[in-house]
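First listed ligand is number 1; within each ligand, the first listed atom is number 1. Heads up: numbering here begins at 1 and tracks the sequence.
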Amino acid sequence: MSKTVKQKRIGILTAGGDCPGLNAAIRGVGKTAIVEYGMEVLGFNAGFLGLINKDYIVLKESQLSGILTVGGTILGTSREKPYKIVKNDNSETDKPEKIKQTYKELGLDCVVCIGGNGTMKTANMLAKEGLNVIGIPKTIDNDVWGTDVTFGFESAVQIATDAIDRLHTTANSHQRVMIIEVMGHHAGWLALYAGMAGGGDIILIPEVPYNIRSVCKKIEKRYEHKKPYSIVVVAEGIEHPKKGSAASYLSEAITTYTEIETRETVLGYTQRGGSPSPMDRILATRYGAFAAQCIAEGCYGTMVAMRKGDLTTVPLNEVGGNLRLVEPDHPLIIKARKMGVSFGDEFL
Ligand code: F6P
């Protein structure tokens, strides 16, 4: 007598800030789940809100075609944190309960949560409540603990590098100091990589405390050495004493100390928009397909990750709450210093 195996029913959601490659990851999970493992796939709308409100669509294989190159996420996203207690609002407290209800009522076997640190934290809490959960790390910040790389990062580096390239010519024409502020939250990965790829003269990241005098000295020395312009790449997360952006603080301080004309550019959300780079398409696809394999093998409560070029899994309880920051002695920083790139901490 042949035993009939129940078809697995899985959910996918994208949460937190969007980034290029989300659709590639949804497609990777969905297509592999359907084609290879015969699973049924539901897509939850707007991150954890979709689970709370039982707001979903059934994803057929045909709906997963033609989305590989598309930016954003076909499922939408939100910064909803179901475990966050909002003061004087009792309705907030039953969100995890509602999620459990949705999970049970829809007969789900697993939910794939595609997101950054906050998402992995929530995913871990849901796993602790007994739900089968698998995480996929995405973010332009590249700061998810437990993986060497997140998808979205490479695309953002490409966009920021292109912007820096364009600043070189206008900076040179006017002999100005150009400051470009890139995203990255508390981490300096994006500033470091785009700064190096774009030939930045000064790169300021949260992990390496800078001294404004040292930054200004470096700019003055460049002028003395007949280098008429300077490019300063700054991560949004550096500490500074003013209320506005890091770029506007630096611009004011540099003009005051050096009396050299300075302009600022805050790159903003262009870094998160548009089509993913080819490598991000591949990374997101690999993560997605691997997540489907993990579901088939029952490897729940984990996040898929890349370590030294190999796909692996990391327990969600090790990921949630941890940040992967740039080591101040990162090999790229050491190389950069040897080439004369300043990190704003040298005695000049
Ligand atoms: O985490 C991605 C990111 O773009 C950060 O680099 C940035 O600090 C933050 O999101 C912006 O968030 P929001 O989309 O909520 O403005």
Side-chain angles (χ1 to χ4, degrees), residues 13-25 45-49 71-73 75-82 84 86 113-123 135-164 179-195 197-198 203-207 233-240 242-250 264-277 280 283-284 287 303 319-326:
L13 62 83
T14 52
D18 74 338
C19 74
L22 285 169
N23 288 323
N45 295 315
F48 291 105
L49 280 177
T73 160
L75 297 175
T77 185
S78 69
R79 295 237 181 242
E80 172 62 39
K81 292 185 174 73
K84 192 172 173 190
V86 178
C113 300
I114 308 175
N117 285 301
T119 303
M120 295 311 140
K121 206 169 163 184
T122 303
I136 299 183
K138 67 89 205 165
T139 167
I140 64 163
D141 304 338
N142 202 31
D143 61 350
V144 177
W145 195 92
T147 183
D148 293 343
V149 65
T150 59
F151 72 80
F153 175 62
E154 211 226 22
S155 306
V157 170
Q158 204 167 79
I159 297 160
T161 302
D162 183 49
I164 298 168
I179 298 161
I180 175 162
E181 179 181 312
V182 300
M183 283 186 168
H185 206 218
H186 296 303
W189 293 107
L190 194 45
L192 176 62
Y193 274 67
I203 300 172
L204 305 179
I205 62 173
E207 296 88 338
V233 182
V234 58
E236 64 174 351
I238 63 155
E239 276 190 30
H240 64 89
K242 290 278 167 72
K243 258 204 166 152
S245 66
S248 79
Y249 159 68
L250 288 172
E264 71 208 55
T265 302
V266 179
L267 202 49
Y269 294 88
T270 52
Q271 291 161 101
R272 279 180 14 193
S275 188
S277 68
D280 268 343
L283 181 62
Y287 277 159
M303 180 186 83
V319 182
N322 285 323
L323 273 187
R324 192 177 79 94
L325 298 174
V326 179

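- A donor-acceptor pair under 3.5 Å is formed between the side chain of Thr77 and the backbone N or O of Thr14.
- With hydrogens and angles ignored, the 3.5 Å screen pairs a side-chain donor or acceptor of Asp280 with a backbone N or O of Gly152.
- At the shortest separation from atom 11 (C) of ligand 1 among protein heavy atoms lies Arg272 NH1, 3.5 Å.
- The distance from atom CD1 of Ile140 to atom OG1 of Thr150, rounded to the nearest 0.5 Å, is 9.0 Å.
- Within the 4.0 Å heavy-atom shell around ligand 1 one finds Gly184.
- Considering only non-hydrogen protein atoms, atom 2 (C) of ligand 1 sits nearest to Asp141 OD2, 3.3 Å.
- Between Ala194 and Ile164, the closest heavy-atom pair is O-CD1, 3.3 Å.
- Across every non-hydrogen atom of Ala156 and Gln271, the tightest pair is CB-O, 3.5 Å.
- Under 4.0 angstrom from ligand 1, there are no non-hydrogen atoms of Gln271.
- The protein atom (non-hydrogen) at minimum distance from atom 16 (O) of ligand 1 is Tyr269 OH, 2.4 Å.
- Among protein heavy atoms, atom 15 (O) of ligand 1 sits closest to Arg79 NE, 2.8 Å.
- Closest to atom 7 (C) of ligand 1 among all protein heavy atoms lies Glu236 OE2, 3.3 Å.
- Contact record, Ala15 with Phe48: CB-CE1, 3.9 Å, taken as the closest heavy-atom pair.
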